[in-house]
Amino acid sequence: MLTIRSVVLGVSDVPRAAAFWTEALGYLPRGEIEGDWVVLMPTAGAGVQLALGLSETPVQEHPRVHLDLYADDAAEQAAEVDRLVSLGAQRVEWDLYPQDPDFVVLADPDGNRFCVIDASRS
């Protein structure tokens, strides 16, 4: 049986992306951060890894695949969005929000879109 062990994210600046995502997720690099590749692991050791690879592909405005990060409730969601923005994420003017969304769309420093979800509404 197959399992998802890593999600690979293309970035234009691997060290910058590694700095952002290690702080955002509380992950640690599995090895040395190289100019074109690094794998980030949960500090507890269990869970999905995030691999960051150098990419020249342009960022998709409406990506087909993205990360969803979960907060326990609306207060935690708001606090996490503020924390992520302070780390270098940007709010995205998302034209596909439904009425009363349970998610906030952000972009990492490379422009990759991701969502912060209020899990209490899921």
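Keep in mind that this is a model prediction, so the values were computed, not measured.
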What is the distance from atom [atom1] of [X] to atom [atom2] of [Y], rounded to the nearest 0.5 Å?
X	Y	atom1	atom2	result
F114	L84	CZ	CG	5.0 Å
D108	L52	CG	CG	8.5 Å
L106	R91	CG	CZ	6.5 Å
L67	L50	CG	CG	6.0 Å
D118	D73	CG	CG	6.5 Å
R121	F103	CZ	CZ	10.0 Å

*CD of Q60: more than 12 outside heavy atoms within 6.0 angstrom?*
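Yes - once you tally the heavy atoms of other residues, nucleotides and ligands closer than 6.0 Å, there are more than 12.
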*asked:* Would you say CG of L96 has more than 12 non-hydrogen atoms from neighbouring residues, nucleotides or ligands within 6.0 angstrom?
replied: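 Result for CG/L96: enclosed.
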Where is the tightest heavy-atom contact between [X] and [Y], given as atom of each residue plus distance?
X	Y	value
R16	P109	NH2-O, 3.5 Å
L40	W21	CD1-CB, 3.7 Å
A74	S120	N-OG, 4.4 Å
A18	V38	CB-CG1, 4.1 Å
P15	I33	CA-CG2, 4.1 Å
C115	V105	SG-CG2, 4.0 Å

Please answer: with hydrophobic residues joined when any side-chain heavy atoms are less than 4.5 Å apart, are [X] and [Y] in the same cluster?
X	Y	value
L28	V8	no
V48	V39	no
Y27	Y70	yes
V59	L9	no

*Residues E34, L54; criterion side-chain contact (heavy atoms from CB on, under 4.5 Å); working and verdict*: CA-CA 10 Å; E34 299 179 18; L54 188 62; over 6 Å; no
*Take Q77 and E80, measure what side-chain contact (heavy atoms from CB on, under 4.5 Å) needs, and give me the verdict at the end.*
CA-CA 5 Å; Q77 178 191 40; E80 285 297 329; 5.9 Å; no
*asked:* One pair to check against side-chain contact (heavy atoms from CB on, under 4.5 Å): V11 and F20. What are the steps and the verdict?
replied: CA-CA 12 Å; V11 299; F20 173 79; over 6 Å; no
[X] (side chain) donor-acceptor with [Y] (main chain) under 3.5 angstrom:
X	Y	result
R113	G111	yes
S55	T57	yes
R83	A24	yes
D110	N112	no

*Please test E32 against W37 for side-chain contact (heavy atoms from CB on, under 4.5 Å), starting from the C-alpha separation and ending with a verdict.*
CA-CA 9 Å; E32 292 294 316; W37 184 258; over 6 Å; no
*asked:* If you define the side chain from C-beta out and look only at heavy atoms, does anything of I117 sit under 4.5 Å from D102?
replied: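 Of all side-chain heavy-atom pairs linking D102 with I117, at least one is under 4.5 Å.
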